[in-house]
There are 2 protein chains.
Amino acid sequence: MENKIFRNFLGEKGLKPTKERIAVLSEVFSFHGHFEPEYLYLRIKNAGSKASRASVYRTLSLLVDCGLVKKVTRTEKGNIYEHTYGHSHHDHMICDACGEIIEFYSEKLENLQDEICSENSFAGSSHTLEIRGHCKKCRTKQS
Amino acid sequence: MENKIFRNFLGEKGLKPTKERIAVLSEVFSFHGHFEPEYLYLRIKNAGSKASRASVYRTLSLLVDCGLVKKVTRTEKGNIYEHTYGHSHHDHMICDACGEIIEFYSEKLENLQDEICSENSFAGSSHTLEIRGHCKKCRTKQS
DNA sequence: CTGAAACTGAGATTGAATTGCAATTTAACT
DNA sequence: AGTTAAATTGCAATTCAATCTCAGTTTCAG
């Protein structure tokens with residue numbers, strides 16, 4: 001489970017599992033979905049724990065390093081993250097109007113990418129696909 | 001040609017084709033490849049033209065609006081752009097070992113993405129696909 | 001317990017990007 | 001060509017996420 005993975009990672013690096021770091025970890029895994037650092041910071045405060053913005057940023061970086069969290073994308077506002085442990089692979093569609101992020105997964109798409117890799121003698125290990133445009137709501141709102 | 005397209009775009013909006021805007025435009029199209037705003041600013045200075053950083057940013061924004069330039073991605077440092085006119089769409093495979101960037105294009109992939117967008121009632125306008133792994137050279141080198 | 005090393009929070013700092021504004025330029029209309 | 005309103009510019013100030021500094025605090029191995 002993520003707690004163990006994180007503690008292990010810290011141990012290997014000679015880092016300490018402080019309250020702040022654990023607070024960030026558990027908050028990240030307390031909900032499902034994408035988040036910005038500021039939002040996470042506020043959630044932690046709201047949950048009664050304490051961790052400064054600096055610690056949130058610092059811990060987030062550690063969580064990315066140990067693979068528990070992934071930096072999804074960068075917006076005009078800042079970075080967006082998501083936790084990855086126990087979360088299967090998917091890609092994203094991002095609405096340029098309202099910022100909504102839609103997750104999707106397509107077996108066909110995965111296979112096609114494998115095919116393209118073979119054609120190019122490339123050993124693909126991961127990928128990021130981000131489709132930008134307008135979501136259903138924002139499309140209808142326009143007209 | 002891009003000069004005409006830009007002037008047309010400006011005309012329609014009641015904007016003026018000032019020396020600064022034209023200087024930015026021609027500099028953007030004076031070379032191939034990706035660039036950051038600051039790099040462009042320095043090139044313009046170096047080319048003997050003049051345009052403040054503010055004007056570079058403002059003009060870049062206009063060029064994106066009229067479709068001549070595309071914001072490729074955001075890095076920790078800032079935005080990266082590329083001119084798109086006369087340059088067809090493609091995606092990238094990036095080798096984690098040697099950094100080589102392989103460009104590829106797949107009609108099937110494009111169609112499949114359109115399909116996925118429809119399924120999600122999403123109006124996709126652009127996408128970025130980046131496949132990471134190891135290129136042919138680095139694969140054989142490993143074994 | 002103790003001390004060295006790791007951590008933390010608050011505030012300062014960074015740096016890309018944007019904005020306010022006074023001076024300047026553009027171009028439409030005489 | 002001259003006039004004038006609107007657009008534009010550059011500079012400096014500002015914004016804002018993210019990072020860094022550093023003095024005080026906490027952790028934990030011995």
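Side-chain atoms of B/E82 and B/H87 include no donor-acceptor pair closer than 3.5 Å.
Taking 4.0 angstrom as the limit, A/N79 places a side-chain polar atom (N or O) nearer than this to OP1 or OP2 of D/dA18. For C/dT26, the OP1/OP2 oxygens have a side-chain nitrogen or oxygen of B/K19 closer than 4.0 Å. The phosphate of C/dA17 (OP1 or OP2) has a side-chain N or O of B/Y57 nearer than 4.0 angstrom. For C/dA6, neither phosphate oxygen OP1 nor OP2 lies less than 4.0 angstrom from any side-chain nitrogen or oxygen of A/K13.
As rounded to whole Å, 17 Å separates atom C1' of D/dC16 from atom CD of B/E76. Atoms CD (B/E38) and C1' (C/dG15) sit 10 Å apart, rounded to a whole Å. Distance, A/Y39 OH to D/dA17 C1': 19 Å, rounded to whole Å. D/dT26 atom C1' lies 10 Å from atom NZ of A/K50, rounded to whole Å. Distance CD1 (B/I22) to P (D/dT8): 12 Å, rounded to an integer number of Å. Rounded to a whole Å, the CD1 atom of B/I44 is 14 Å from the C1' atom of D/dG10. When rounded to the nearest whole Å, the span between CZ of A/F35 and C1' of D/dA17 equals 15 Å. Regarding B/R74, its CZ atom lies at a distance of 16 Å from the C1' atom of D/dA18, rounded to whole Å.
You'll find the side chain of B/M93 stays beyond 4.5 Å of the side chain of B/E130, heavy atoms only.
Closest to the A/S55 side chain, of the nucleotides C/dT8, C/dA10, D/dG10, is C/dT8. Ranking D/dT27, D/dT9, D/dT8 by closeness to the B/K16 side chain, first place goes to D/dT8. Between D/dG10, D/dA7, C/dG9, one nucleotide has an atom nearer to the side chain of B/L15 than all others, and that is D/dA7.
Nearer the 5' end of DNA chain C, as judged by each residue's closest nucleotide, is the contact made by B/G78, out of B/T18 and B/G78. Residue B/V56 is the one, among B/V56 and A/R58, whose nearest nucleotide of DNA chain D lies closer to the 5' end (criterion: closest heavy atom). For the pair B/P17 and B/R53, both in contact range of DNA chain C, the more 5′-proximal nearest nucleotide belongs to B/R53.
Exactly one of A/H92, A/H83, A/K70 qualifies for a side chain to side chain donor-acceptor pair (under 3.5 Å) with A/H34. That residue is A/H92.
Using a 30° and 60° split on the angle between ring planes, A/Y81 and A/F35 fall in the parallel class, below 30°.
In this structure, A/R21 reaches the sugar-phosphate backbone alone: every heavy-atom distance under 4.0 Å involves primed, P, OP1 or OP2 atoms, never a base.
Within 6.0 Å of NE2 on A/H89 lie more than 12 heavy atoms contributed by other residues, nucleotides or ligands.
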